[in-house]
Amino acid sequence: MSLPVQYFQKLVESCSDIIIAVDKQGIITFYNDGARQNLGFTPEEVLGKKLLVIYPSIEEARRVMAAMRAGDGQARGRLSNFETTFKTRKGDSIPVAISASIIYDDNGNEVGSIGFAKDIREIRRRDQLATLCEIAIGMSHEINNSLEVLVNQVEMLQKYVDRAATDEDYIVESDRLASVASQIKKIQAITGRIGQMAEEGEYGTREYLDGKMMTDLHLNGGDQRCERPKPDARYPLSGLKILIVDDDAGVCQSLGDLLEEEQCDIETASSGVVAMECLRDRKFDLVLSDVVMPDMDGYQLYQTVKKEYPNLPVILMTAFNYDKDHVIKRSCLQGLQGVIFKKPVNPVVLKKVLLQQSRPEAAAAMTSPLSAKPVSAPGANEKII
C-alpha cells in the first residue's frame, strides 16, 4: 500500500537534519524546519534565494557541486557523507556532512538537486574526546613508569643518606628527599585522576585566563559541599592522655593549650627524667617530647619508654637543624621518621599524627575534621615536616 504524498512531506519537514532542495539555477525551493533550527534562517529569508546564502563562499558551493556531478566514488549525480561547511544566520561556520542527489528529467537533463546535511560538531567533539582519552591514558601509563623509577631512586638515595651523610647534611638532604617524594606522590595522584576521568568520561572545567577553560584536576574533593562534623566526631582526640616533655615552659604551655582545646588531658614535664617519673605514676596514651634536653635527650627518653612501655607511642620534636648529638639521625634510623617534627609544629599535621599514633582504628575508619579524607598512618620512610 502506497503512503500519501502528505505523509512524506510531513516526515521531511519535521526531520531534525538540514534538508534543502534547489532548482537548476541554484534557487532554494524547499527548506525544512531542521534547516531553520540548525542554520537560524527563516523560510522567508531563504526561499527564492540563491543557495550561496548558506555557504561561506562561492568556491565552497562549487566544490560541493563538482563532487556531486563527479559522483565522488558513487553513482553520477550522487554524494554521500561529503564534509563541507555551512554558514548560519549569525555568520558562524558549522561543519556538516552532506548526502545529496541531482534530480534529472526523463531526458537526463538536470532540473534541480536535494541535499540532506547533518551538523557534525558534536560528532567531531566526541571523536576528539575519545582521542584525547586515549592520549591521556597512554601518557599516564608512560609517566607512571618513569615515576616508579624515581620512587625507587629516592628510596635508594634515602638509604645512602642514612648510611653516609654527616649529621648536618642528614637533616638537609632528608628534607630535600622528602620534598621530592611529596611531589612524586602529587604527580601520581594527578595521573591517577586523569585516568579516572578518561575511563568515566566525566570531568569539570574552570577558567584560568581571560575566559579560557581548563580541565579541573581537583584532587581533594574541594568542589564538594563540606558537611558540619557531627557532635561525636568533632573532637576525635577527646580524652587522650598526653604527656608533653620540653625544657622550655613556653612550648609546654602553648602545646598544652592547643591540645586542651581538642579536649585532651594534658600533663607536662620539664625533662626526660621528670617524664619517666610521670609515666611511672600514671597512665598516658602518648608522649610528645622535645629532642634536645639537658639531662635526657629525646632519643634516650624514646629508648627508655620503649623498654618499659613498648606499646606507648612517642612523638619527637626539634627546633635544631644542626644535630651534633646524633639524636635526630639515630631516632630516624630506629623507625621514628614518621613522627619527628620541626618546630614550629604545624597544628593540623600534629593533630593528625596524634590520632594516627594513638587511635589508628579511628584514624582509618572516620573522616575527621582534621582532614578531608580518612587519615592514614605515615609510611616507614615518610618524614612529616
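A heavy-atom distance below 4.5 Å is found between the side chains of T166 and D169. Side-chain contact between R280 and E308 is present, with heavy atoms from C-beta onward closer than 4.5 Å. S99 places a side-chain heavy atom less than 4.5 Å from the side chain of N81.
Salt-bridge annotation for E59 and R62: absent, with no side-chain N of the basic residue lying under 4.0 Å from a carboxylate O of the acidic one. Contact check on K87 versus E60 returns no salt bridge, with no Lys/Arg side-chain nitrogen under 4.0 Å from an Asp/Glu carboxylate oxygen.
Here L354 contributes atom CG and K351 contributes atom NZ; the two are 9.5 Å apart, rounded to the nearest 0.5 Å. M296 contributes atom CE, which lies 15.0 Å from atom OH of Y302 (distance to the nearest 0.5 angstrom).
Although no hydrogens or angles enter the test, the distance criterion places no donor-acceptor pair under 3.5 Å between the side chain of S101 and the main chain of R78. Judged by distance alone, with hydrogens and angles left aside, the side-chain atoms of D246 form a donor-acceptor pair with the main-chain N or O of D248 at under 3.5 Å.
K306 NZ: more than 12 foreign heavy atoms inside a 6.0 Å radius. When the shell of 6.0 Å around CZ of R126 is examined, it contains 12 or fewer heavy atoms from other residues, nucleotides or ligands.
Through direct or indirect side-chain contacts shorter than 4.5 Å among Ile, Leu, Val, Met, Phe, Trp and Tyr, L52 is connected to I58.
Sorted by first and then second residue, the salt bridge (charged side-chain N to carboxylate O under 4.0 Å, His left out) pairs with a member in residues 36-52 read D33-R36, E45-R89; sequence neighbours excluded. Here salt bridge (charged side-chain N to carboxylate O under 4.0 Å, His left out) pairs that include residues 94-120, with residues two or more places apart or in two chains, are D17-K118, R69-E110, D119-R121.
Side-chain contact check for D295 and S271: at least one donor-acceptor pair (N or O, by modelled atom type) lies under 3.5 Å.
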